[in-house]
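Quick caveat: nothing in here was measured; it's all calculated off a predicted structure. Just so it is clear: chains get the letters A, B, ... in the order the sequence lines come, proteins before strands, and each one is counted from 1.
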There are 2 protein chains.
Amino acid sequence: MREDTRTRIQEIALRLFTEQGYEATSLREIAEELGVTKAALYYHFRTKDDIIASLVEMRMTELEELLTWFRSRPNTLQTRRELLERYAETLKRSRYLDVAKFLERNQTAMRDHPQLTRMRETMMTLTREMSDPGATPTERISRSMALFALHAGKWLTLETELSDEEIDKATMEVAMRLLEP
Amino acid sequence: MREDTRTRIQEIALRLFTEQGYEATSLREIAEELGVTKAALYYHFRTKDDIIASLVEMRMTELEELLTWFRSRPNTLQTRRELLERYAETLKRSRYLDVAKFLERNQTAMRDHPQLTRMRETMMTLTREMSDPGATPTERISRSMALFALHAGKWLTLETELSDEEIDKATMEVAMRLLEP
DNA sequence: GTCTATACGAGGATAGAC
DNA sequence: GTCTATCCTCGTATAGAC
């Protein structure tokens, strides 16, 4: 059974946007790969922006759910460790990893997008609340970086000697260490 | 005494590119802020790309010098610690920090730039050579992340309770810890 | 409902006048 | 060293075929 056009547009667009850049990818390219004219895209999406807006929305909703879950639990080392595990899980689902990659690589292109502002705030809140009130600056920064470390691990896939699984496992160990005092 | 036009174009362009994005910033905007027409920019630079190419070149040359220096020294913990100090020093000079920020935020826009490829390779080589041949995956990833941590620290300036100096100091401590076994 | 044909203003870029 | 005229492609929009 054939996917619907709308979903195919999103898939092609996300791939091209991530590979070539959001602004460097024209609607004509997307339309050609789909086998239609670019005007046809405007039947399915109001603007170029709308093509990825729903995908970004998915990723953001997930982050907000993660924050809600975190706040519902006692702020212990155990909870923080579980937060890292859950965050890493979201990055394993290819759809979210693709969106995360897109967002990393197209920061300025999405600059004044309201969704991006919300997401930045969610990430900020998450990292901030991981710290105890009386923590030292080093402890605060260290814990904040634990989440970033999970992303950084995905950039290091060029370390040819290591397999993806080894990198994922080692990245998690490094991130966990950043939670320790 | 007035700066020459060429330098002013670079300064205006780097600021606008970093704030708004490379592709989102038009030559007309730069020209207007400078008080000329966009066609006039083509006297000073062959393409839009060339406007920042020389700035990126500076940053890249510096990274390559850092790699050369690192290779000239015994690969000890002491040398790796000094590498972090030197790397952080480059990020303190505003010109390089601005270029680094621009590169972080406009990755896909610079995608097929030969300079970018060279820089990625230099960073990769640097992080790879920081590892001993017999190191565990966790040690390798941890050391590789030490350099990224210095950048990540610059993203955390929104941690309102901490001053820039506190963040810099704490970031360095976290990065140094990532070098330890 | 789904698409094609066509047009508009703005973008980067070039050639050439002054 | 600065500008005009010009070109092609871009995102966007609408009218209308099927």
Side-chain angles (χ1 to χ4, degrees), chain A residues 1-56 102-103 105-116, chain B residues 1-56 102-103 105-116:
Chain A
M1 193 190 115
R2 191 176 143 287
E3 284 175 298
D4 61 29
T5 306
R6 194 185 155 84
T7 306
R8 288 185 60 218
I9 293 174
Q10 286 179 325
E11 283 169 358
I12 293 171
L14 182 58
R15 179 169 51 76
L16 292 178
F17 289 163
T18 307
E19 282 171 10
Q20 314 179 354
Y22 177 71
E23 323 225 25
T25 303
S26 66
L27 294 180
R28 187 186 46 73
E29 280 180 277
I30 299 170
E32 269 177 12
E33 191 154 332
L34 199 72
V36 297
T37 66
K38 67 172 181 164
L41 302 180
Y42 278 89
Y43 172 74
H44 298 280
F45 296 96
R46 271 182 43 259
T47 63
K48 182 183 184 182
D49 211 276
D50 274 18
I51 298 177
I52 45 152
S54 59
L55 294 169
V56 174
F102 163 77
L103 289 168
R105 297 181 191 175
N106 294 276
Q107 291 180 55
T108 49
M110 301 289 290
R111 174 183 51 107
D112 45 8
H113 217 288
Q115 289 178 327
L116 241 260
Chain B
M1 191 189 114
R2 191 175 144 285
E3 284 173 297
D4 61 28
T5 305
R6 193 185 156 84
T7 307
R8 286 185 63 216
I9 292 174
Q10 286 179 324
E11 284 170 357
I12 293 170
L14 182 58
R15 180 169 51 75
L16 292 179
F17 288 163
T18 308
E19 282 171 10
Q20 314 179 353
Y22 176 71
E23 323 226 25
T25 302
S26 66
L27 294 180
R28 187 187 46 71
E29 280 180 277
I30 299 171
E32 267 177 13
E33 192 155 329
L34 199 72
V36 297
T37 67
K38 67 171 180 163
L41 300 180
Y42 279 90
Y43 171 75
H44 297 281
F45 295 95
R46 271 182 43 258
T47 62
K48 183 184 183 182
D49 211 277
D50 274 17
I51 298 178
I52 44 151
S54 59
L55 294 168
V56 174
F102 164 78
L103 289 169
R105 296 180 192 176
N106 294 276
Q107 291 179 56
T108 49
M110 301 289 291
R111 172 185 50 109
D112 45 7
H113 217 287
Q115 290 177 327
L116 243 259

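Of the residues in residues 11-21 of chain A, none has a non-hydrogen atom less than 4.0 angstrom from any atom of DNA chain D.
Atom CG in B/L41 sits about 13 Å away from atom P in D/dT4, given to the nearest Å. A/I9 places its CD1 atom 11 Å from the C1' atom of C/dT2, with the value rounded to the nearest Å. Across the protein-nucleic acid pair, A/E29 atom CD and D/dG11 atom P stand 8 Å apart, rounded to whole Å.
In this structure, NZ in B/K48 is found 6.0 Å from CD in B/E23, a value given to the nearest 0.5 Å. Between atom CD of residue B/Q115 and atom CG of residue B/L103 there is a gap of 9.0 Å, rounded to the nearest 0.5 Å. For the atom pair A/H44 NE2 and A/D50 CG, the distance stands at 13.5 Å (nearest 0.5 Å). The CD atom of A/Q10 lies 11.0 Å from the CD1 atom of A/I30; values are rounded to the nearest 0.5 Å.
Ranking D/dG1, C/dT4, C/dG1 by closeness to the B/Y43 side chain, first place goes to D/dG1.
Using a 4.0 Å cut-off, no side-chain N or O of A/H44 falls inside it from OP1 or OP2 of C/dG1.
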- [ ] Going 5' to 3' through nucleotides 12-18 of chain C, assign each nucleotide B (protein heavy atom under 4.0 Å from a base atom), S (under 4.0 Å only from sugar-phosphate atoms) or - (no protein heavy atom that close).
- [x] BBB----
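Ring pair B/Y22/B/F102 is perpendicular by interplanar angle, where above 60° counts as perpendicular and below 30° as parallel.
When all heavy atoms are compared, the tightest approach of B/T25 to B/L16 is OG1-O, 3.3 Å.
Residues satisfying the side chain to side chain donor-acceptor pair (under 3.5 Å) criterion with B/R28, sequence neighbours excluded, are B/E32.
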Open item on the list: Determine whether A/L116 and A/R111 satisfy the following criterion, side chain to side chain contact (heavy atoms under 4.5 Å, CB included), listing intermediate values before the conclusion.
Closed with: CA-CA 7 Å; A/L116 241 260; A/R111 174 183 51 107; over 6 Å; no
